[in-house]
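Notes follow the structure.
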Amino acid sequence: PGIPSLLESLTVTEVTAVELARSNAVIRVERVTGGWRMTAPVAYPAEGSAVESFLKQLAELQPRTWIPLSEFGTGASAAEVLQATGLGAGALTATLESAAGRQVLNFGGLTPVGDQFYLQRAGDDGVFVAGTALLRSLPPT
């Protein structure tokens with residue numbers, strides 16, 4: 001109770017593109033007839049089952065908690081909090097596109113305790129903490 005929704009009505013079958021970006025490295029896949037196609041960094045058929053698995057896990061992800069940035073301590077700026085949680089510059093960003101619009105998530109670092117990581121919806125004034133199973137579905141590089 002009290003944990004905001006991570007994604008606004010994500011329907012896996014309606015996602016038309018997924019983009020993962022970290023620094024200047026970008027992987028982009030787009031839904032095409034019969035599957036998925038990588039469009040960046042090169043045009044190439046994508047492994048559709050991996051994309052679908054990632055989207056399914058993301059749609060089903062239930063964050064364990066949500067922490068407002070103000071609870072990270074007095075005197076800490078939002079930029080300092082984001083950097084400390086791995087959500088600052090260089091964080092992995094996932095952009096999901098559909099007819100309903102774009103949803104952007106920033107993936108942060110691991111929490112100090114447990115099998116959890118920090119996650120933030122772009123523009124939010126807090127961060128989610130979620131289990132790391134989702135991270136295993138991401139490409140390693």
Side-chain angles (χ1 to χ4, degrees), residues 1-32 34-141:
I3 299 175
S5 172
L6 177 63
L7 291 168
E8 296 175 14
S9 63
L10 176 65
T11 304
V12 172
T13 57
E14 293 177 3
V15 174
T16 57
V18 178
E19 185 172 288
L20 300 176
R22 179 176 299 187
S23 299
N24 63 346
V26 175
I27 297 173
R28 181 178 174 85
V29 294
E30 297 177 1
R31 190 181 296 273
V32 295
W36 290 89
R37 180 155 184 84
M38 183 183 301
T39 58
V42 297
Y44 196 79
E47 186 177 328
S49 61
V51 176
E52 294 290 333
S53 175
F54 170 70
L55 290 172
K56 183 176 185 264
Q57 288 180 47
L58 194 54
E60 294 173 354
L61 183 65
Q62 295 294 317
R64 295 179 180 163
T65 192
W66 186 79
I67 308 167
L69 294 180
S70 61
E71 287 189 21
F72 279 91
T74 58
S77 70
E80 291 170 326
V81 170
L82 295 178
Q83 197 62 38
T85 56
L87 291 162
L92 174 67
T93 300
T95 303
L96 309 175
E97 297 175 12
S98 69
R102 295 176 44 163
Q103 297 187 59
V104 180
L105 296 173
N106 299 315
F107 290 73
L110 298 176
T111 61
V113 179
D115 189 28
Q116 302 174 77
F117 75 105
Y118 297 106
L119 179 67
Q120 183 188 42
R121 283 185 309 214
D124 271 5
D125 63 347
V127 297
F128 293 93
V129 175
T132 59
L134 175 67
L135 297 180
R136 291 187 279 279
S137 67
L138 293 171
T141 59

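Heavy-atom basis, side chains included; hydrogens, waters and symmetry copies ignored. Worth saying up front: this structure is predicted, and the values here are computed from it rather than measured.
The side-chain contact (heavy atoms from CB on, under 4.5 Å) check on Glu71 picks up Ile67, Pro68, with sequence neighbours excluded. Looking at residues two or more places apart in sequence or on another chain, you find no side-chain contact (heavy atoms from CB on, under 4.5 Å) involving Ala91.
Under the 4.5 Å side-chain criterion, counting only non-hydrogen atoms from C-beta, Thr65 is not in contact with Phe128.
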Show me the donor-acceptor pairs within less than 3.5 Å that the side chains of residues 14-25 make with the rest of the protein, sequence neighbours left out.
| from | atom 1 | to | atom 2 | distance (Å) |
| --- | --- | --- | --- | --- |
| Thr16 | OG1 | Glu97 | O | 3.1 |
| Glu19 | OE1 | Arg28 | NH1 | 3.3 |

Output side-chain donor-acceptor pairs under 3.5 Å for residues 45-52, partner residues at least two apart or in another chain, one line each.
| from | atom 1 | to | atom 2 | distance (Å) |
| --- | --- | --- | --- | --- |
| Glu52 | OE2 | Arg31 | NH1 | 3.3 |
| Glu52 | OE2 | Trp36 | NE1 | 2.7 |

Name every donor-acceptor pair, under 3.5 Å, that has one atom in a side chain of residues 105-113 and the other anywhere in the protein, sequence neighbours excluded.
| from | atom 1 | to | atom 2 | distance (Å) |
| --- | --- | --- | --- | --- |
| Asn106 | OD1 | Thr93 | OG1 | 3.1 |
| Thr111 | OG1 | Val113 | O | 2.8 |
| Thr111 | OG1 | Gln116 | O | 3.4 |

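Looking at Leu6, Val129, Leu119 one by one, the single match for side chain to side chain contact (heavy atoms under 4.5 Å, CB included) with Pro63 turns out to be Leu6.
The CG atom of Leu55 lies 10.0 Å from the OG1 atom of Thr13; values are rounded to the nearest 0.5 Å. If you take CG on Leu58 and CG on Leu7, they are separated by 5.0 Å, rounding to the nearest 0.5 Å.
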Step-by-step side chain to side chain contact (heavy atoms under 4.5 Å, CB included) determination, Val81 to Val127
CA-CA 10 Å; Val81 170; Val127 297; 5.7 Å; no
Test side chain to side chain contact (heavy atoms under 4.5 Å, CB included) on Phe54 and Leu134; report intermediate values, then the result.
CA-CA 7 Å; Phe54 170 70; Leu134 175 67; 3.8 Å; yes
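The list of salt bridge (charged side-chain N to carboxylate O under 4.0 Å, His left out) pairs with a residue in residues 124-137, not counting sequence neighbours, reads Arg121-Asp124.
Counting heavy-atom neighbours within 6.0 Å of Arg64 CZ, excluding the residue itself, gives a total above 12.
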